Peer 1: 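This structure is in structure tokens; I'll ask about it shortly.
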Amino acid sequence: DVKVTQSSRYLVKRTGEKVFLECVQDMDHENMFWYRQDPGLGLRLIYFSYDVKMKEKGDIPEGYSVSREKKERFSLILESASTNQTSMYLCASRSVNTEAFFGQGTRLTVV
Amino acid sequence: AQSVSQHNHHVILSEAASLELGCNYSYGGTVNLFWYVQYPGQHLQLLLKYFSGDPLVKGIKGFEAEFIKSKFSFNLRKPSVQWSDTAEYFCAVRGDTGFQKLVFGTGTRLLVSP
């Protein structure tokens, strides 16, 4: 079965902290994505990666960075967490001609 | 760049009622289209997808969607909803040339009352 695993379901961090969200997929997919999901706004793309060490900005990259050192792992980094980054974060992966497969999500609260 | 519009933000139906959720997209080329569902507390799951061929696509749990190219639409339908269909539904579009982002609509919350 396809599996995208996000390291935490719930996180609470303080304003100004550096936050790492980890995502691992076991399907050998080339492409990986980070979205945030907010009520009434749907899913908005933060960053994506089409290969190891490759990354592209999505629609809302400000305040975030990413790392993809290995094919199976894609990390989202909040350099200095702020309260407006409180959200549900979703990781996804896909191969060239497949749909995207999603992880369970990480609900991040910044206080 | 592609964009997706879902017209209904909240829909409330009684069991056995018919469902149609609207989805329109904006993109100048050939597209792949998707409907995802998110049940309460669960991750996003694929309901159905359209890549090419028959524009009437059947998915899981009795859902179907019709791609109408002239209207840039991909509406989701189910003839008779059940209480267990209560969820949030997302339409998504991706251009099919090169590397293309998967862009989502804002979602429709469906509540089915027993």
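Residue numbering restarts at 1 for every chain, and letters A, B, ... go by the order of the sequence lines. When reading the values below, keep in mind they use all heavy atoms of this one structure, side chains included, and skip hydrogens, waters and symmetry mates. Note that the structure is predicted; figures quoted are calculated from it, not measured.
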Peer 1: So if you build clusters from Ile, Leu, Val, Met, Phe, Trp, Tyr with side-chain heavy-atom gaps below 4.5 Å, do L110(B) and W83(B) land together?
Peer 2: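 No: no chain of side-chain contacts under 4.5 Å links L110(B) to W83(B).
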Peer 1: CG of L33(B) to CD of E99(A): how many Å apart, nearest 0.5 Å?
Peer 2: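 Those atoms lie 13.5 Å apart.
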Peer 1: Minimum heavy-atom separation for A100(A) to L102(B), with atom names?
Peer 2: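 Shortest heavy-atom contact: CB-CD2, 3.8 Å.
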Peer 1: Shared ILVMFWY cluster between V110(A) and Y10(A), side chains joined below 4.5 angstrom?
Peer 2: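 Not linked; separate clusters.
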Peer 1: Between V24(A) and L108(A), is there a shared hydrophobic cluster once you connect ILVMFWY residues whose side-chain heavy atoms come closer than 4.5 Å?
Peer 2: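 V24(A) does not cluster with L108(A).
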Peer 1: Please look at Q38(B) and chain A and tell me whether the side chain, the backbone, both or neither of the residue comes under 4.5 angstrom of a heavy atom of that chain.
Peer 2: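 Interface part for Q38(B): side chain.
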Peer 1: Show the nearest heavy-atom pair for residues H43(B) and F102(A), with the distance to one decimal.
Peer 2: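 Between these two residues, the closest heavy atoms are CD2-O, 3.7 Å.
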Peer 1: Where do L45(A) and K101(B) come nearest, in terms of heavy atoms and distance?
Peer 2: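 So the two residues come closest at CD2-CD, 3.5 Å.
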Peer 1: Going hydrophobic residue to hydrophobic residue with side-chain gaps under 4.5 angstrom, can you get from Y39(B) over to V112(B)?
Peer 2: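 Per the 4.5 Å side-chain linkage, Y39(B) and V112(B) are co-clustered.
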Peer 1: Evaluate the criterion side-chain hydrogen bond (donor to acceptor under 3.5 Å, both in side chains) for residue pair Q42(B) and Q104(A); output intermediate values, then yes/no.
Peer 2: CA-CA 7 Å; Q42(B) 296 191 25; Q104(A) 291 273 44; over 6 Å; no
Peer 1: To the nearest 0.5 Å, what is the distance between OG1 on T106(B) and CG on D38(A)?
Peer 2: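 These two atoms lie 12.0 Å from each other.
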Peer 1: Check whether any side-chain heavy atom of R94(A) sits under 4.5 Å from a side-chain heavy atom of R94(B), and report yes or no.
Peer 2: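 Sidechains of R94(B) and R94(A): in contact.
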Peer 1: Where on R9(A) is there a heavy atom nearer than 4.5 Å to chain B: the side chain, the backbone, both, or neither?
Peer 2: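 For R9(A), side-chain heavy atoms alone lie under 4.5 Å from chain B.
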Peer 1: Looking at I60(A), I'd like to know if its CD1 atom is crowded, meaning that more than 12 non-hydrogen atoms belonging to other residues, nucleotides or ligands lie closer than 6.0 Å.
Peer 2: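 Result for CD1/I60(A): enclosed.
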Peer 1: If we only count heavy atoms from C-beta on, is the L90(A) to L44(B) side-chain gap below 4.5 Å?
Peer 2: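 Answer yes - side chains close enough.
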Peer 1: Using 0.5 Å steps for rounding, measure from the CD atom of Q37(A) to the CZ atom of F104(B).
Peer 2: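 Result: 9.0 Å between the selected atoms.
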Peer 1: Are V81(B) and V11(B) connected, step by step, through hydrophobic side chains (Ile, Leu, Val, Met, Phe, Trp, Tyr) whose heavy atoms are closer than 4.5 Å?
Peer 2: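 As far as the 4.5 Å side-chain criterion goes, V11(B) and V81(B) are connected within one cluster.
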Peer 1: Are more than 12 heavy atoms, taken from residues, nucleotides or ligands other than R107(A), located less than 6.0 Å from that residue's CZ atom?
Peer 2: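 It does not: R107(A) CZ has 12 such atoms or fewer within range.
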